[in-house]
Each structure stands twice: as C-alpha cells, then as structure tokens.
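For clarity, every value in this text was computed on a predicted model and none was experimentally measured. Along the sequence shown, residues carry numbers from 1.
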Amino acid sequence: MDVGEKKCLTYSHMGMYCWLMARAATTSDAFNAVAEPRRRAILNYLAMQERPVGEIVDSLGLEQPSVSKHLRVLLEVGLVNVRRDGRRMLYRTNAEAIRPLHEWTETFERYWRHQLSRVKERAEQKSNPSNDTGPDFTSRRKNDHDGNKN
C-alpha cells in the first residue's frame, strides 16, 4: 500500500456481510414464526373461531399456496391446530402455545401503561389551563423508562 493511499472500510470489513451466519428457522419456535406479518394476520383471523383454508384465503386476500405454507409453519410450531371435516381442513389457534408469546409481551405492559398515563397527565394539564402555573419543569421520576426529558 502506498503512503498516499487511503484505507477504506468496506461492508465486508465491518462484518455487515456475514454469509456464514446461521439464521433461525421460522419453524424453530413461536417467536420466529410470528415474525412474519402474514402469519400474524392469519393468527388474528383464527383467534375467534376455527376456519377452513378457503375462508382464510378469501378474507385475507392472500394466495392459497401462501396461506397453506404459512399454516404449515404455524402448525409445526404448535400455534395452530387442525382437524379434518370431510374434505375440509379446519384450523384454529392453540391458546396454550400462544401463552409464551403473551407472557413475554406482558413484561412490556407496565412500561406502556406508564407511558400512556404520562400522556394522559400531559393532555389533562394542557386541556385545563386554569391549573397552569407556567412551564412544566417536573423532575424526572425514578421509574421513567423513555429517553425523553418530558
């Protein structure tokens, strides 16, 4: 390398292209399976009652092979159950398999409840100017989770 030549980092030097890195299979667990938006849409649609594939296709506007593929993934990780009714296959959600997803998201419920209560407090302060004593210089609470100052 010449003295005047600049050394530049490329994406491969920074490790952004790592073709050998293993990627988790969508069928490895429920979290990977629901990472796909169409699978979440199918789960939402099946939440209230069991439905045949054709109804899922018609309702969600997806192609039948795509719905079948997504249902197969959801079935493999246990998020849906299937039963045969004559020639039709009826799918429904498996509440017990969805429980770990729910429990994980519950960990964030407290954070969001806190954030929503802060929004409500601010909205009430702004809608009631009679209580306004000037700019809001409220000190940050110990349990505030966001990075904003107010």
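- Of the inter-residue distances, the one linking Ile98 atom CD1 with Leu74 atom CG reads 9.0 Å to the nearest 0.5 angstrom.
- The backbone N or O of Val34 lies less than 3.5 Å from no partner atom in the side chain of Arg39, so there is not a single donor-acceptor pair.
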(Q) Set out, in order, the CA-CA distance, both residues' side-chain angles and the distance that settles side chain to side chain contact (heavy atoms under 4.5 Å, CB included) for Ile56 and Leu71, then state yes or no. (A) CA-CA 10 Å; Ile56 299 168; Leu71 284 169; 4.1 Å; yes

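- Ionic pairing of Arg99 and Glu96 is present here: one or more N-O contacts between side-chain nitrogen and carboxylate oxygen are shorter than 4.0 angstrom.
- Distance OG/Ser117 to CD/Glu121: 5.5 Å, rounded to 0.5 Å.
- Applying the 6.0 Å contact sphere to CZ of Arg40 captures more than 12 heavy atoms from other residues, nucleotides or ligands.
- Looking only at distances, a side-chain donor or acceptor of Arg51 sits under 3.5 Å from a matching main-chain atom of Tyr45.
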Would you be so kind as to tabulate the donor-acceptor pairs closer than 3.5 Å made by side chains of residues 78-93, with sequence neighbours excluded?
from	atom 1	to	atom 2	distance (Å)
Arg83	NE	Glu50	OE1	3.2
Arg83	NE	Glu50	OE2	2.9
Arg83	NH2	Glu50	OE2	2.6

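- Atom CZ in Arg38 sits 14.0 Å away from atom CG in Leu43 (nearest 0.5 Å).
- Taken to the nearest 0.5 Å, the CD atom of Gln115 stands 5.5 Å off from the CZ atom of Arg118.
- In the displayed structure, Glu106 atom CD is contacted under 6.0 Å by more than 12 heavy atoms of other residues, nucleotides or ligands.
- Judged purely by atom type and a 3.5 angstrom limit, Glu63 has no side-chain atom pairing as donor or acceptor with the backbone of Pro65.
- Closest non-hydrogen pair, Pro100 versus Phe31, comes out as O-CZ, 3.9 Å.
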Q. Hey, mind stepping through Ser68 and Gln64 against side chain to side chain contact (heavy atoms under 4.5 Å, CB included) and telling me if it holds?
A. CA-CA 6 Å; Ser68 292; Gln64 192 277 326; 2.6 Å; yes

